[in-house]
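By convention in this document, chain letters (A, B, ...) are assigned in the order of the sequence lines, proteins followed by strands, and residues within each chain are numbered from 1. All values derive from a computational prediction rather than experimental measurement.
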Amino acid sequence: MKERILAAYDPFVLPFVFGISFVIGYCLLALFKVLVQLSPADRRKFALSLITPSTILKNLRDLFCDCLLHVKLWKRNKVLGYMHSSIAFGWFMIIVIGHIETVLYIPERLHKLYYPIFFRFFMEEQKQTLQGSFFFFLMDFFLLIILSGITLAIIKRFRSRIVGMRRTTKLTLTDLIGLYSLWAIFPLRWIAEGFTAGVAGGSFMTIPINWILHSFMSKPENITVAWWAYSLALGTFMTVLPFTRYMHIPAEILLIPMRNAGLPVRHTRKGFTLAMLYSCPSCGVCIDACPMGVQKKNVQDATVYMVRNLKRRNQRRSLEIAEKCLMCGKCASLCQVQMDACGIRLAYRTAQEKKNNRLPADFSYLNAVTPQEVGEEKVLYYAGCMSSLTPVISRSVQRVLQAAGVPFELMDRDGAICCGRPLLLAGRRDEAQQLIEKNRQLIEKSGAQILLVSCAICYRIFKEQYDLIGVEVVHYTEYFNRLIAAGRLPLKNSHETLVYHDPCDLGRGCGIYDAPRQALSQVGQLVPALKEREESVCCGGSVGSLTLRYEDREPITRGSIENLTANNPEQIVTACPLCLKTFGRFAPVPVRDFAEMLALHLETNKNDTK
Amino acid sequence: MIDFGYGLTPSATLRIENVQNPLFEELHRREPDVAKCIACGSCTASCSAGCFTEMSLRRVILSLQRGREKEILPMLQHCMLCGKCQLVCPRGINTRHLILSIGKVYGPADQKEEVRP
């Protein structure tokens with residue numbers, strides 16, 4: 001290898017140098033902004049996590065798997081996974097190999113930003129050595145991989161269904177400029193290196209193109225044009241990058257360590273949230289995920305558009321989207337960058353309520369409620385508000401507990417005190433805290449060691465916000481499954497086909513998927529829904545949405561039922577009173593609660609219990 | 001008013017024409033469902049807070065329609081927003097949003113403008 005252009009400079013590098021300097025400067029400023037906006041406690045937590053060995057390892061693994069290989073996307077959709085990782089990993093390797101070549105052959109040029117990128121232009125292979133051919137091959141190999149990815153990307157843009165996406169994001173003008181310049185970069189690089197392949201050496205991609213377009217590529221005056229075009233495409237892409245969805249490329253490098261540090265969302269667009277907003281790649285997975293998408297008018301309320309409106313500081317639309325969301329969390333669980341979509345919306349609601357709510361809450365009447373003496377041996381059962389509208393649940397739970405011989409006491413026999421989650425979801429954090437505090441006292445003073453909950457909504461807030469000392473909070477699906485495993489609950493199997501609906505707060509919220517399924521497999525034959533577990537579709541009755549109207553909830557419920565009844569089950573089983581009530585209105589087959597299902601299948605002969 | 005020679009005592013007179021309707025119109029703009037209420041009382045019957053207090057969403061809506069705004073706050077401040085009323089409402093009124101909107105429109109403090117987060 002020897003230097004072909006002794007000046008080590010050509011004016012065509014200028015667009016690239018401008019672009020890369022701009023993007024680096026912008027990213028450093030954005031990094032500074034994010035760090036300054038973090039609260040001092042969060043900043044300390046983040047700094048500590050950066051020097052904790054286990055977190056460092058996790059950061060490195062996540063950076064490699066998420067940013068370069070897109071493992072999560074591969075698991076979901078192989079074609080999209082290949083498309084993204086071929087471009088990301090291929091491009092990364094081309095940059096790395098360019099630098100390795102520079103370090104190996106001409107380390108004194110390493111300080112020039114553009115040298116490793118335009119290495120082929122400045123260096124040439126000598127006939128007597130073949131040292132470079134290995135790198136020539138690698139470069140062409142990764143270029144081929146990227147070009148295949150770009151081809152897929154072009155197909156996806158015009159026919160998204162081919163790659164398995166029903167809807168894809170509507171791009172902005174800057175996004176389109178970024179997109180087209182990104183598409184242009186690699187074919188232009190191929191052509192530019194095709195020129196130099198004739199004089200400086202190449203491999204299986206660049207030499208053939210030089211042969212094929214020989215009449216064009218043998219003219220020396222065309223060389224500069226081709227390299228100018230390549231540099232211009234790079235420069236354009238880098239210059240518009242901070243204002244497009246491609247900002248996710250640098251932002252994710254910051255987001256992953258922040259997420260692994262366990263920082264919470266505290267603000268609607270500052271600090272950690274800002275890092276998240278920058279990291280949104282606008283891929284549009286959340287559009288197909290959103291259960292509200294059954295109505296076309298709601299497509300504009302998907303998380304990707306909320307992020308866009310927050311970035312543009314469009315307060316009116318951001319608020320509309322934040323208040324409309326069902327908070328089912330499906331978009332967040334499918335999100336490639338694990339955007340805490342519900343957390344951001346909740347932060348928005350909380351900020352809005354703090355400033356606009358002029359109705360003071362007064363829960364002093366709850367002082368009249370006194371703790372029950374339950375004792376350690378008994379289970380304390382909290383049915384919750386919604387269960388009092390669906391008495392079949394609390395009755396069934398009591399029947400099952402009696403059948404298993406578990407002593408219990410009902411905590412809210414004379415009217416429930418709300419768990420506080422509906423208030424929390426409406427953005428009234430302080431008011432919710434009053435209810436949490438009251439319930440916490442009632443539970444802790446009762447002396448019970450197990451708190452049994454039959455409502456997924458209550459269960460989630462008990463797990464997340466209550467700091468109950470010495471009390472185990474357990475959802476009835478888990479508890480009954482334990483009783484079955486211990487042989488205390490004799491059940492008969494009716495071999496009916498059942499489909500289980502994962503309530504949002506129980507499944508995605510608390511990660512309970514298997515316990516109800518294991519228990520239900522004892523009483524019937526489970527058939528799968530089209531989408532279940534992390535991808536289960538919200539029933540549409542969620543208290544998470546503030547503004548969604550009754551008429552607009554119906555199509556969501558029908559969509560969800562359609563998803564559940566795809567395999568023609570005889571019954572739908574759910575484990576949340578709200579889902580039960582909502583499905584009950586429209587379902588073509590009976591909808592039953594989990595406890596009801598067990599209670600119906602109890603062995604009536606109690607002597608066989610042991 | 002025409003003098004019939006007999007009438008209501010003045011203290012019991014409700015003058016609908018004097019009711020401050022702009023606030024109710026503003027509430028109706030924020031939550032159109034308020035006009036759907038048929039005062040059946042299902043919400044009151046199922047109310048979690050109504051178990052302990054005088055809270056009655058039915059009375060709140062009736063009072064607002066009659067311009068008796070002062071009566072609503074002592075009731076509404078007990079609401080736990082649990083959403084049972086929404087589940088039982090035969091008219092499908094979005095009661096939780098209605099209550100939140102009433103708080104924003106009729107709250108006692110005097111700042112009116114939407115403050116941005």
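The two residues Arg549(A) and Pro32(B) have their closest heavy-atom pair at NH1-CG, 4.0 Å. The minimum heavy-atom distance between Lys104(B) and Asn356(A), with the atom names listed, is CG-O, 3.7 Å. Here the closest heavy-atom approach between residue Ala426(A) and residue Arg96(B) is recorded as CB-NH2, 4.2 Å.
Residues Lys36(B) and Glu551(A) are paired through a salt bridge, judged by an N-O separation under 4.0 Å between the basic side chain and the carboxylate.
Interface remark: Arg269(A) contributes no atoms to any contact with chain B (heavy atom separation under 4.5 Å). Both the backbone and the side chain of Leu546(A) come within contact range of chain B, each with at least one heavy atom under 4.5 Å from a heavy atom of that chain. Of the two parts of Arg421(A), neither the backbone nor the side chain holds a non-hydrogen atom closer than 4.5 Å to a non-hydrogen atom of chain B. Residue Leu366(A) touches chain B through its side chain alone, counting heavy-atom pairs closer than 4.5 Å. Only the backbone of Cys79(B) comes within contact range of chain A, judged by heavy atoms closer than 4.5 Å.
If you take CE on Met80(B) and SG on Cys385(A), they are separated by 6.0 Å, rounding to the nearest 0.5 Å. Atom CD of Gln77(B) sits about 7.5 Å away from atom OG of Ser364(A), to the nearest 0.5 Å. Going from atom CG of Leu100(B) over to atom CG of Leu423(A) covers 8.5 Å, rounded to the nearest 0.5 Å. The CG atom of Leu81(B) lies 9.5 Å from the CG atom of Leu435(A); values are rounded to the nearest 0.5 Å. Atom SG in Cys82(B) sits 6.0 Å away from atom CE in Met386(A) (nearest 0.5 Å). Annotation: the span from Leu87(B) atom CG to Lys581(A) atom NZ amounts to 6.5 Å, rounded to 0.5 Å.
Atom NZ of Lys270(A) has 12 or fewer heavy atoms from other residues, nucleotides or ligands within 6.0 Å. For Glu54(B), the CD atom counts as loosely surrounded, since its 6.0 Å shell holds 12 or fewer non-hydrogen atoms of other residues, nucleotides or ligands.
The residue among Glu431(A), Lys354(A), Gln434(A), Glu353(A) with the most heavy atom pairs within less than 4.5 Å of chain B is Glu353(A).
Residues Tyr550(A) and Gln86(B) have side chains not in contact (no heavy-atom distance under 4.5 Å, counting atoms from C-beta outward). The side-chain heavy atoms of Lys84(B) and Ser388(A), taken from C-beta on, include a pair separated by under 4.5 Å.
For His78(B) and Tyr365(A), the gap between ring centers is short of 6.0 Å.
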